[in-house]
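Note sheet for the following structure.
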There are 2 protein chains.
Amino acid sequence: MRMAELSRESGVPVATIKYYQREGLLPPGELTSPNQARYSAVHVRRPKLVRALLEIGDPGTSTHDILGLAQHGLPMVTQEVTEEDRAWALGRIEEVARKRGWEVHPGSRVVESLVGVLCALRRVGHEWVLDALDSYAESADAVAEADVTAVAKLGATEVVAEGAVVGTVLGDALQAALRRLAHAQASQRVFTV
Amino acid sequence: MRMAELSRESGVPVATIKYYQREGLLPPGELTSPNQARYSAVHVRRPKLVRALLEIGDPGTSTHDILGLAQHGLPMVTQEVTEEDRAWALGRIEEVARKRGWEVHPGSRVVESLVGVLCALRRVGHEWVLDALDSYAESADAVAEADVTAVAKLGATEVVAEGAVVGTVLGDALQAALRRLAHAQASQRVFTV
């Protein structure tokens with residue numbers, strides 16, 4: 001199909017599709033002449049997907065931010081941490097990971113994100129949040145198991161890869177919102193006895 | 001204490017503290033003369049806290065964004081949803097909430113965030129993510145219970161309130177990072193059998 005049809009099918013304006021292409025968010029079509037390209041079903045799905053991912057951010061969030069989110073999906077704490085705080089944080093992370101059989105690679109984005117969060121908690125005097133660390137870890141295992149089981153059913157590798165990005169980014173939002181729904185209930189239980 | 005001492009104690013520069021005050025992030029000190037104010041222990045904690053919350057965002061994230069995050073803490077999907085999609089999403093949310101004894105208030109920020117996420121998943125053809133919805137909900141209950149139990153031990157109402165904000169915002173980051181650590185393990189289990 002041509003660009004005009006791609007726009008109609010995906011419901012995303014031509015100018016927006018061209019923008020996604022310039023940003024590398026949408027693969028180029030197959031060139032049929034120097035000025036014309038042909039698009040396939042993949043191209044119809046992708047603009048809708050990109051749009052959905054872009055909407056997870058606030059209106060002012062840049063494409064770059066969202067790409068970072070989709071690729072890494074983790075908030076990073078930017079303040080420098082002392083060697084001592086870092087060692088303490090890594091110790092806590094390794095302890096919880098050992099219990100759950102997780103591998104820990106210091107320097108990886110996920111571990112550095114965790115180090116940042118733990119150090120931020122310590123710096124502001126709210127280390128008590130980590131009293132719940134084992135519950136967080138146990139829940140992470142349960143959710144990850146369900147995620148991976150669901151994504152595995154998608155079959156084709158390309159769909160699994162796309163699904164992993166969607167599930168990771170939108171799964172964060174799902175998890176954050178559900179935790180707040182559950183907070184109201186738990187708070188009623190704990191604070192009104 | 002005076003401003004200079006507050007800066008020294010909190011480790012946050014005077015200019016930054018004044019900026020937090022202008023933004024309403026730090027309560028004013030007690031005026032001792034038209035140009036001088038006195039600050040207390042609350043003022044020493046707060047700049048460090050604000051700084052830690054600001055760091056959760058990317059370097060470019062505005063204070064406004066972070067305030068929104070601390071107050072609401074939820075990504076909102078901005079695209080309009082059709083009436084039909086909205087009804088479907090609310091149905092799924094009410095179903096899961098009923099099972100867990102959660103109250104659902106359509107129009108509240110948390111429910112609208114969920115509606116947005118569910119509709120985004122449907123729009124991009126990744127509704128399968130919701131196969132794991134019950135696991136997400138069960139985990140949310142476990143984590144919320146641990147959160148509230150931990151925060152309740154803080155005692156004084158003001159500390160509990162501050163703790164709730166810190167725990168909510170940094171807890172999201174903790175949850176997101178741990179889910180990814182667990183993914184690697186779950187993925188190995190599911191995809192290599």
Side-chain angles (χ1 to χ4, degrees), chain A residues 45 48-49 52 55-56 58-59 65 74-75 77-79 101-103 110 113-114 117 120-121 123-126 128-129 131-132 135-137 139-150 152 163 166-167 170-187 190-191, chain B residues 45 48-49 52 55-56 58-59 65 74-75 77-79 101-103 110 113-114 117 120-121 123-126 128-129 131-132 135-137 139-150 152 163 166-167 170-187 190-191:
Chain A
R45 292 178 58 78
K48 287 196 277 190
L49 174 65
E55 281 163 8
I56 292 301
D58 272 311
D65 290 341
L74 287 172
V77 174
T78 48
Q79 192 171 323
W102 298 339
E103 283 178 33
V110 61
S113 171
L114 278 173
V117 171
L121 285 170
R123 209 157 48 226
V124 298
H126 283 281
W128 61 269
V129 172
D131 290 356
S135 288
Y136 273 80
S139 296
D141 254 347
V143 163
E145 183 77 35
D147 281 341
V148 173
T149 304
V166 173
L170 288 167
D172 283 344
L174 198 59
Q175 207 172 20
L178 291 173
R179 184 162 74 106
R180 280 161 188 75
L181 265 191
H183 273 157
Q185 189 66 22
S187 167
V190 170
F191 286 109
Chain B
R45 293 178 57 78
K48 287 197 277 190
L49 174 65
E55 280 162 11
I56 292 301
D58 272 312
D65 290 342
L74 286 173
V77 174
T78 48
Q79 191 169 322
W102 297 340
E103 283 180 32
V110 60
S113 171
L114 278 172
V117 171
L121 285 170
R123 209 157 47 228
V124 299
H126 283 282
W128 61 268
V129 172
D131 291 355
S135 288
Y136 273 80
S139 296
D141 253 348
V143 163
E145 183 78 32
D147 281 340
V148 173
T149 304
V166 173
L170 289 168
D172 283 344
L174 199 58
Q175 208 172 20
L178 291 173
R179 184 163 73 106
R180 281 161 187 73
L181 265 191
H183 273 159
Q185 190 65 23
S187 167
V190 170
F191 287 109

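If you're wondering where the values come from, they're calculated on a predicted model, not measured in any experiment.
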Compare every heavy atom of E103(B) with every heavy atom of Q185(A), then report the nearest pair and how far apart it is. OE1-N, 4.4 Å
Report the option among G167(B), G171(B), A140(B), A184(B) that has the most heavy-atom pairs separated by less than 4.5 Å from atoms of chain A. G171(B)
Heavy-atom closest pair (L170(B) atom, V117(A) atom, distance to 0.1 Å) is O-CG1, 3.8 Å
Out of T149(B), V143(B), D131(B), return the one with the most heavy atom pairs under 4.5 angstrom to chain A. V143(B)
Ignoring hydrogens, what is the shortest heavy-atom contact between A177(A) and V110(B)? Give both atom names and the distance. O-CG2, 3.2 Å
With sequence neighbours excluded, what pairs up with E145(A) under the side-chain hydrogen bond (donor to acceptor under 3.5 Å, both in side chains) test? R189(B)
Nearest-0.5 Å distance that lies between atom OH in Y136(A) and atom CG in L174(B): 6.0 Å
Any idea which of D147(B), V129(B), D141(B) has the most non-hydrogen atom pairs under 4.5 angstrom with chain A? D147(B)
With a 4.5 Å heavy-atom cut-off, do R180(A) and D172(B) have their side chains touching? yes
Output the option from S135(A), A144(A), A150(A), A146(A) having the highest count of non-hydrogen pairs under 4.5 Å with chain B. A144(A)
As an exercise, state the distance from NE2 of H183(A) to CH2 of W102(B), rounded to the nearest 0.5 Å. 10.5 Å
Residue from A152(A), G125(A), A137(A) scoring the most non-hydrogen pairs under 4.5 Å with chain B is A152(A)
